[in-house]
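Report on the structure given below.
Values reported hereafter were calculated over all heavy atoms of this structure, with side chains retained and with hydrogens, waters and symmetry mates removed.
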Amino acid sequence: MPTTTRRGFLAGCSAALVALAGPRLQGVALAQPSEGLAGAGSGDALILIVLRGGFDGLGLVAPISGDDHRFYRSARPTLGLGTDRLLPLDGRFGLHPTAEALHGLYSRGRLAIIPAAGTVDRYAAPGAALASIQRGGDGLDTGWLTRHLASAPGRAEETYVPALTRGAETSALLGSLEHLPLPAGDDLDLGLVEALGPDGMTALAALHQGDDGLHATGRQTLSAIEIGAWLEGEAAYRPAAGARYPTGDFGDALQRTAQMIRLDLGLEAAAIELDGFDLRSDQGPRFADRVALLSEGLGALHRDLEGCGASGRVTVVVMSEMGRTIEENASRGTDPGHGTAMLVLGDAVHGGVHGVWPGLAPDRRSGGGLAVTTDYRQVLSEVLIRRGGNPNLGRVFPGFEGYAPLGLVHG
């Protein structure tokens, strides 16, 4: 009896698996970079990075002069960093020393920093705050990225992989029937594919051809299996320009997203979560490790995409549901606060520090945290309009008014 390699088996199953995905994914298993859907959408691919737990924006971007630097050092006797350790930005602020890759991108004009962003209202409980910023407001049952994809004009009718998500159920792609919940490499279980074989998978596909939500969810899940099987069968991915992604789930998610972009499968959005920022004790070294991971991952992503000429059609937004308190607590950590920092990364970015800085004086704080002077939806709206080609803000962010661009990106 002839033997079959794992790659050969997956390639054989792929023909059956294509039926699971519907018309958009027809041919995906055979697609090559030169055969993809370059420019399938009307704008950039938007990659959203959500930092879960409440990101200490002041820990990443700190004032380096004047009264605010003194307030900062006084409020954080163990967590505060001196100007000799902070990486200089614009004469007013410095960046955490483990964010070297981000600093390099800032120096090249590829990184915009908004140091006092968040929800304009006082934050709610952490879980509610996370759901709110991913849905684009309170009382909404879909994610803002879902509504963006539904309302953006000029989208291609045939798109292999419109959106990817790696994260929790409160994703900004909540309610989307277009996204693939891509599993982590170590979590990819192809046992079902191997056990059923091509004929069994074809039969399974026939069970998910209905128009209701249950069948659509089934197609989503099975499409993710197909994409995962296809990637598993491909040769090892080689990032361009010597880019090196950090090991672990976050680096893997970024690398898989870059792979989809480089294959020109029509990716328009990706939502990735990075947790571990609720640091109520011993914050110093733990925060440094998380910032290093974030910085190295984003640096590798940009280097990879730039090295293959794809960075000009990708915009990355980094955000969190809330910030931390300005003063450290007795456990050398920080408690949930209000304002945080947002980042926008890409070739189309106007690099620099943007927005209005509220200051750190006690009477300028918000519930012990940094006051919010830039609504997070203002940042997202500018990116969606100028880079995503979507002017339909009323559909994406119902009830949000008073949009005015900050000059973060051109387009």
Note, [X] side chain near [Y] side chain (heavy atom, < 4.5 Å):
X      : Y      : answer
Asp282 : Ser331 : no
Asn392 : Pro153 : yes
Thr374 : Val356 : no
Arg108 : His302 : yes
Leu274 : Val318 : no
Ile272 : Thr257 : yes
Pro336 : Arg280 : yes
Thr119 : His338 : yes

How long is the straight-line distance from [atom2] of [Y] back to [atom1] of [X], given to the nearest 0.5 Å?
X      : Y      : atom1 : atom2 : result
Ser171 : Leu164 : OG    : CG    : 11.0 Å
Leu343 : Leu345 : CG    : CG    : 8.0 Å
Ile114 : Leu406 : CD1   : CG    : 7.0 Å
Leu254 : Arg166 : CG    : CZ    : 9.0 Å
His350 : Leu408 : NE2   : CG    : 8.5 Å
Leu79  : Arg324 : CG    : CZ    : 11.0 Å

Quick one: list whatever passes side-chain hydrogen bond (donor to acceptor under 3.5 Å, both in side chains) with [X], sequence neighbours left out.
X      : value
Glu328 : Thr78
Ser65  : none
Thr146 : none

(request) Test side-chain contact (heavy atoms from CB on, under 4.5 Å) on Thr315 and Ile47 and set out the steps. (result) CA-CA 6 Å; Thr315 300; Ile47 301 177; over 6 Å; no
(request) Would you sort out whether Leu48 and Val50 count as a side-chain contact (heavy atoms from CB on, under 4.5 Å), showing the intermediate values? (result) CA-CA 6 Å; Leu48 174 68; Val50 177; 3.8 Å; yes
Partner set under salt bridge (charged side-chain N to carboxylate O under 4.0 Å, His left out) for [X], not counting sequence neighbours:
X      : value
Asp90  : Arg92
Arg70  : Asp67
Asp347 : Arg110

Exercise: identify the closest heavy-atom pair between [X] and [Y]:
X      : Y      : result
Ile133 : Met319 : CD1-CE, 3.7 Å
Asp44  : Gly312 : OD1-O, 3.9 Å
Leu380 : Met342 : CD2-CE, 4.3 Å
Ser366 : Ala371 : CB-CA, 3.8 Å
Leu111 : Leu102 : CD2-O, 3.5 Å
Pro115 : Val61  : CB-CG1, 4.4 Å

(message) Enumerate the ring pair (Phe, Tyr, Trp, His ring centres under 6.0 Å) contacts for residues 363-389, please, sequence neighbours excluded, ordered by first and then second residue.
(response)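 For residues 363-389, and leaving out neighbouring residues, there are no ring pair (Phe, Tyr, Trp, His ring centres under 6.0 Å) pairs at all.
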(message) Does anything in residues 259-280 form a ring pair (Phe, Tyr, Trp, His ring centres under 6.0 Å)? List the pairs, not counting sequence neighbours.
(response) Phe55-Phe277
(message) Assess the residue pair Asp141 and Arg135 against the criterion (salt bridge (Lys or Arg N to Asp or Glu O under 4.0 Å)); give the C-alpha distance rounded to whole Å, side-chain angles, the decisive distance to 0.1 Å, and a yes or no.
(response) CA-CA 7 Å; Asp141 56 7; Arg135 299 182 190 192; over 6 Å; no
(message) Would Tyr237 and Arg262 count as a side-chain contact (heavy atoms from CB on, under 4.5 Å) here? Give the steps.
(response) CA-CA 11 Å; Tyr237 176 70; Arg262 290 180 59 180; 3.0 Å; yes
(message) If the threshold is 4.0 Å, N to carboxylate O, is there a salt bridge linking Glu296 and Arg303?
(response)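 Looking at Arg303 together with Glu296, the answer is no, because their closest N to O distance does not fall below 4.0 Å.
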(message) Using salt bridge (Lys or Arg N to Asp or Glu O under 4.0 Å), reason through Arg365 and Glu327 one step at a time and then give a plain yes or no.
(response) CA-CA 11 Å; Arg365 302 176 187 180; Glu327 298 204 10; 3.4 Å; yes
Look at the side chain of [X] and the backbone N and O of [Y], then say whether any donor-acceptor pair between them is shorter than 3.5 Å.
X      : Y      : result
Glu382 : Val409 : yes
Arg286 : Leu279 : no
Arg332 : Gln283 : no
Thr325 : Asp335 : yes

(request) Please work out whether the ring planes of Tyr72 and His69 are parallel, tilted or perpendicular, with thresholds of 30° and 60°. (result) tilted
(message) Assess the residue pair Arg52 and Glu321 against the criterion (salt bridge (Lys or Arg N to Asp or Glu O under 4.0 Å)); give the C-alpha distance rounded to whole Å, side-chain angles, the decisive distance to 0.1 Å, and a yes or no.
(response) CA-CA 7 Å; Arg52 296 189 60 177; Glu321 72 267 39; 5.8 Å; no
(message) Counting neighbours of CZ on Arg85 that are heavy atoms of other residues, nucleotides or ligands and sit closer than 6.0 Å, is the number greater than 12?
(response)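 Atom CZ in Arg85 is not packed in, count stays at 12 or less.
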(message) Run the side-chain hydrogen bond (donor to acceptor under 3.5 Å, both in side chains) test on Asp138 and Ser132 for me, step by step, so that the C-alpha distance in whole Å, both residues' side-chain angles and the decisive distance to 0.1 Å come before the verdict.
(response) CA-CA 5 Å; Asp138 297 329; Ser132 180; 2.8 Å; yes
(request) For Phe93, enumerate each residue passing the ring pair (Phe, Tyr, Trp, His ring centres under 6.0 Å) test, keeping only those at least two apart in sequence or located in another chain. (result) Trp357
(request) Could you pull out all residues at least two apart from Tyr245 that satisfy ring pair (Phe, Tyr, Trp, His ring centres under 6.0 Å)? (result)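 Once residues adjacent in sequence are excluded, Tyr245 has no partner under the ring pair (Phe, Tyr, Trp, His ring centres under 6.0 Å) criterion.
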(request) Establish, from distance only, whether the side-chain atoms of Asp56 and Thr334 form a donor-acceptor pair under 3.5 Å. (result) no
(request) Enumerate the residue pairs fulfilling side chain to side chain donor-acceptor pair (under 3.5 Å) with a member in residues 393-405, sequence neighbours excluded, ordered by first and then second residue. (result) none
Which donor-acceptor pairs under 3.5 Å do the side chains of residues 287-294 make with protein atoms, sequence neighbours left out?
from, atom 1, to, atom 2, distance (Å)
Arg290, NE, Asp275, O, 3.2
Arg290, NH2, Asp275, O, 2.7

(request) Kindly determine whether Val379 and Val344 satisfy side-chain contact (heavy atoms from CB on, under 4.5 Å), including the steps that lead there. (result) CA-CA 9 Å; Val379 174; Val344 182; 3.8 Å; yes
